[in-house]
Amino acid sequence: MNPLAIEAVGLMAPGLAGWPASQAVLAGQRPYAAEPMPAAMATLLPANERRRVTATIKLALQVAQEAMAQVALPPDPSPSNGRGELSVRTVFASSGGDSEILDKICVALTQPDRPVSPTHFHQSVHNTPAGYWSIATGCMQPSLSLAAYDGSFAAGLREAAALAWADQARVLLVVYDLPMPFPLAERRQIVAPFAAALLLNPVPTVDRLALLRLASDASGQPADRLDDAGLEWLRVGNPAARGLPLLCAIARRVVERVTLPAGDDATLRVEVEP
Amino acid sequence: MAIKPLAIAACTLTNALGRGLAASLRALREGESGLQSCDFEDAPLDTWIGQVAGLEEEPLRGELAPFDCRNNRLARLGLEQDGFGAAVRVARDRYGPDRIGVFVGTSTSGIGATEHAYRQRDPITGSLPATFDYQHTHNVFSVADFTRRWLGLTGAAMAISTACSSSAKAFATAWRQMRAGFCDAAVVGGVDSLCLTTLYGFKALGLASTRPCRPWDVDRDGLSIGEGAGFALLEWTKPNDDRVLLLGYGESSDAYHMTAAHPEGAGAALAMQQALARAEILPAQVDYINLHGTATPLNDAAEDRAVAQVFGSATPCSSTKGWTGHTLGAAGVTEAVFVYLCLEQGLMPGTLNTHRRDPRLGAGIVLENREQPLRLALSNSFGFGGTNCSLLFGHSPSFPVREGWGEGE
């Protein structure tokens, strides 16, 4: 199967504050410590929008912004777009979407007259971060938002790869999940926020971070675990963090085979090389 | 070169018009709307809805009982029609259960189960009732997970959730994932069910009409919410294929506003142009456009600009939302399968409930049904967040198999 270059990575989680600051931990050179996560600033959003959006939207946009800041891409050539600063297809993957918004809507629906906020309603769609991203960047390229429960990272990677190959174009993959509010948290435990963004290029560039080859593997080969107890806690505690073994392999800059969970017993095998 | 088409090997629809393709086709032919005055649950809303009858009485039992909620009941009902399960079993034997992808669009999945659970919280602890199963009902993936389990498929599966373009984009994803070799065939679909979140949400946005929706009408004032399930089994076309083919798809983002469509329809035009370009088809060759046509004043105006920009005013087009209501995440597949029926049957549906064409709109809107052979038809789906998708279908007898189509995918 054709390789894909990883050109940039964005990352945000407790103890993993951005890609540059996290590489030593992911490469096993420093132990992981679950330090409080800095606030996701998502500075690409206009100030008035930043006040209206949720933690989920800001976290997804923060890692997307971090990855895109590492490369210089040509502006969106879409003929009808007069202001596009950026041209990149996107895939957003999340198991739970914006549970803060869903909780607020379900609470409102228990009250007299059911006062659902129009803002909450339009922010409740799974593709809300994708919508804010395209508005903030002026990018009219295709975007997909998907969910595959604990296999969401692998599903996102597969779709991003398929899109990159089909269109022979760069794809930004953004994977994120946040802890749910009570009482939903009692039924779906997500231990900490986690978001990662990977910029994929179907053309292997020289200044890449890594080269990936994907293969479907439903043979029941178990998904990788991580040696560092803290990182393993994060990996099993957040569906987006199921991609950590891949990020670790990219950070180590060695040839490695990674096996990611892809739902039930299915796995996605990824060959990684620098 | 044009992309290699996918053939629709089997498909099915269930919505307010009834269960199965025959019910939809009959209602389209007869001009019978499935819309009714809203009496959903205890929601006393002054609006019209397209409701699927009987879901309340048909719970999921047995192994898949944990998935029981209105949305997955609707998925099951949809999967049971038109021999769809049997067609997938044949494909499963041919390709292997791990080589058929499952890509199901939904906007709200089974959030209705959570709405109910929030009304039954423990008065002291605030906890949700013990019977509530988040993973198998509310979670976005639930309906895709249910679908693959019901069909006995074990390959790549995911829910696509881009609001009202979800199940149109499932076709594009199927093409890509098959092209990438992640699967050899695909079940695509869309399921969205009535729930209080969407009924009260659209009311809050002022987008739900108090009358049956009237796309492109001078007096249109909003949408009618519907529910529906639709599925299609897709595989690569073969030489002398006489099935309906997906010839092209186009996707774009408006990059404009979260809920309002781009006023010039720029993103919508881009999606239509790309669908045509992938198929190497010229606008003048298209016989019919099934519009997104929700009947909100601004959405129809924006789509009209886009259609006029790409096609001018000569290409006949209509919105079928007056029959089904807007089935949200299921709208893409619902209207793709309507187009399939139209191509097979030589039927061009009119625009139900619409009596006075808005003189400010320029697209070639058709009000009354026409019976005539159709070769190429486009289906539009757009959604919140500025997401756009257009699908181009053709009935293959009118197409010679092109160079390279039958080769090595």
Side-chain angles (χ1 to χ4, degrees), chain A residues 1 78-81 84 95-97 102 105-110 114-118 120-128 130-132 134-135 137-149 151-152 155 158-159 161-163 165-166 182-184 186-188 216 218 262-264 266, chain B residues 43 98 107 111 114-115 118-119 121 126-128 132-135 138-141 144-145 154-163 169 172-173 175-177 179-182 196-197 200-206 251-259 264 266-267 269-270 383-387:
Chain A
M1 196 165 276
S78 301
S80 27
N81 184 352
S95 168
L102 299 171
I105 290 174
C106 287
V107 167
L109 288 171
T110 65
R114 298 174 171 155
V116 173
S117 144
H120 292 160
F121 180 58
H122 81 63
Q123 290 181 342
S124 73
V125 294
H126 204 64
N127 59 318
T128 296
Y132 279 105
S134 69
I135 294 165
T137 59
C139 178
M140 298 183 73
Q141 296 294 333
S143 174
L144 194 91
S145 298
L146 63 91
Y149 210 65
S152 293
R158 218 162 17 208
E159 174 67 10
L163 180 57
W165 288 323
F182 178 85
L184 285 169
E186 292 189 326
R187 301 310 169 84
R188 172 61 158 165
S216 275
D264 289 345
Chain B
D98 60 332
S107 66
I111 197 174
T114 305
E115 295 171 0
Y118 267 63
R119 294 198 218 170
R121 290 172 70 164
S127 291
L128 299 169
F132 172 65
D133 185 335
Y134 165 79
Q135 176 182 356
H138 174 166
N139 185 268
V140 179
F141 182 54
D145 199 12
T154 58
M158 64 191 200
I160 294 170
S161 195
T162 54
K169 288 173 82 76
T173 283
W175 191 91
R176 285 192 280 269
Q177 299 236 355
R179 186 74 180 79
F182 293 140
L196 300 180
T197 299
Y200 284 89
F202 279 113
K203 174 176 177 265
L205 286 170
E251 299 164 279
S252 71
S253 306
D254 270 0
Y256 175 72
H257 191 270
M258 279 303 292
T259 55
E264 299 299 322
L270 209 54
F384 280 0
T387 167

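Everything quoted here is computed from the prediction, not taken from an experiment.
- Between B/Gly126 and A/Pro183 the shortest heavy-atom distance is O-CB, 3.6 Å.
- Considering all non-hydrogen atoms of both residues, A/Ser95 and B/Asn139 come closest at O-ND2, 3.0 Å.
- The two residues B/Ser127 and A/Phe182 make their nearest non-hydrogen contact at N-CZ, 3.8 Å.
- Using a 4.5 Å cut-off between heavy atoms, B/Ser107 makes no contact with chain A at all.
- For chain A, the option among B/Ala204, B/Ser161, B/Gly385, B/Ala157 with the highest count of heavy-atom pairs below 4.5 Å is B/Ser161.
- Note that the CG atom of A/Asn127 and the CD1 atom of B/Ile160 stand 12.0 Å from one another [nearest 0.5 Å].
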Using the side-chain hydrogen bond (donor to acceptor under 3.5 Å, both in side chains) rule, take A/Gln141 and B/Ser252 through it: C-alpha gap first, then chi angles, then the decisive distance, then the call. CA-CA 5 Å; A/Gln141 296 294 333; B/Ser252 71; over 6 Å; no
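- Contact of B/Ala163 with chain A is made through backbone and side chain together, with heavy-atom distances under 4.5 Å.
- The choice from A/Ala166, A/Ser143, A/Ser145, A/Gly151 that makes the most heavy-atom pairs within less than 4.5 Å of chain B is A/Ser145.
- Rounding to the nearest 0.5 Å places OG1 of B/Thr173 at 3.5 Å from CD of A/Glu159.
- Contact annotation: the side chain of B/Tyr256 never approaches that of A/Ser134 to less than 4.5 Å [non-hydrogen atoms, C-beta and beyond].
- A/Val116 is not listed as a side-chain neighbour of B/Thr197, based on a closest heavy-atom distance of 4.5 Å or more.
- In this structure, the portion of B/Thr259 lying under 4.5 Å from any heavy atom of chain A is its side chain and not its backbone.
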Apply side-chain contact (heavy atoms from CB on, under 4.5 Å) to A/His126 and B/Thr162, showing your working. CA-CA 6 Å; A/His126 204 64; B/Thr162 54; over 6 Å; no
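- Applying the side chain to side chain contact (heavy atoms under 4.5 Å, CB included) criterion to A/Ala155, with sequence neighbours excluded, gives A/Leu146, A/Ala148, B/Met158.
- Counting heavy-atom pairs closer than 4.5 Å to chain B, the top residue among A/Gly97, A/Ser117, A/Gly131, A/Ala147 is A/Ala147.
- Residue A/Glu186 touches chain B through its side chain alone, counting heavy-atom pairs closer than 4.5 Å.
- Both the backbone and the side chain of B/Ala43 have a heavy atom closer than 4.5 Å to some heavy atom of chain A.
- Here B/Phe202 and A/Phe121 bring their ring centres to under 6.0 angstrom of each other.
- The side-chain hydrogen bond (donor to acceptor under 3.5 Å, both in side chains) check on A/Ser152 picks up nothing, with sequence neighbours excluded.
- Closest of all the heavy-atom pairs between A/Arg187 and B/Phe132 is NH1-O, 2.6 Å.
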Kindly determine whether A/Leu109 and B/Tyr118 satisfy side-chain contact (heavy atoms from CB on, under 4.5 Å), including the steps that lead there. CA-CA 8 Å; A/Leu109 288 171; B/Tyr118 267 63; over 6 Å; no
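- Heavy atoms closer than 4.5 Å to chain B are found in both the backbone and the side chain of A/Leu163.
- Listed options B/Leu205, B/Leu128, B/Thr114 were ranked by heavy-atom pairs under 4.5 angstrom with chain A; first place goes to B/Leu128.
- For the atom pair OH (B/Tyr200) and CD1 (A/Ile105), the distance works out to 14.0 Å, reported to the nearest 0.5 Å.
- In terms of heavy-atom pairs under 4.5 Å with chain A, the best-connected choice from B/Arg176, B/Arg121, B/Glu251, B/Glu115 is B/Arg176.
- Interface remark: B/His138 contributes side-chain atoms only to the contact with chain A (heavy atom separation under 4.5 Å).
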From CA spacing to verdict: side-chain hydrogen bond (donor to acceptor under 3.5 Å, both in side chains), B/Tyr134, A/Arg188: CA-CA 7 Å; B/Tyr134 165 79; A/Arg188 172 61 158 165; 5.3 Å; no
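- A/Ser124 OG to B/Ile111 CD1: the interatomic distance, rounded to the nearest 0.5 Å, is 6.5 Å.
- Heavy atoms of A/Val125 lying under 4.5 Å from chain B belong exclusively to its side chain.
- In this structure, B/Ala255 and A/Cys139 approach most closely via the heavy-atom pair CB-O, 3.6 Å.
- Interface check for chain A: of the options B/Gln135, B/His257, B/Lys169, the most heavy-atom pairs under 4.5 Å are formed by B/Gln135.
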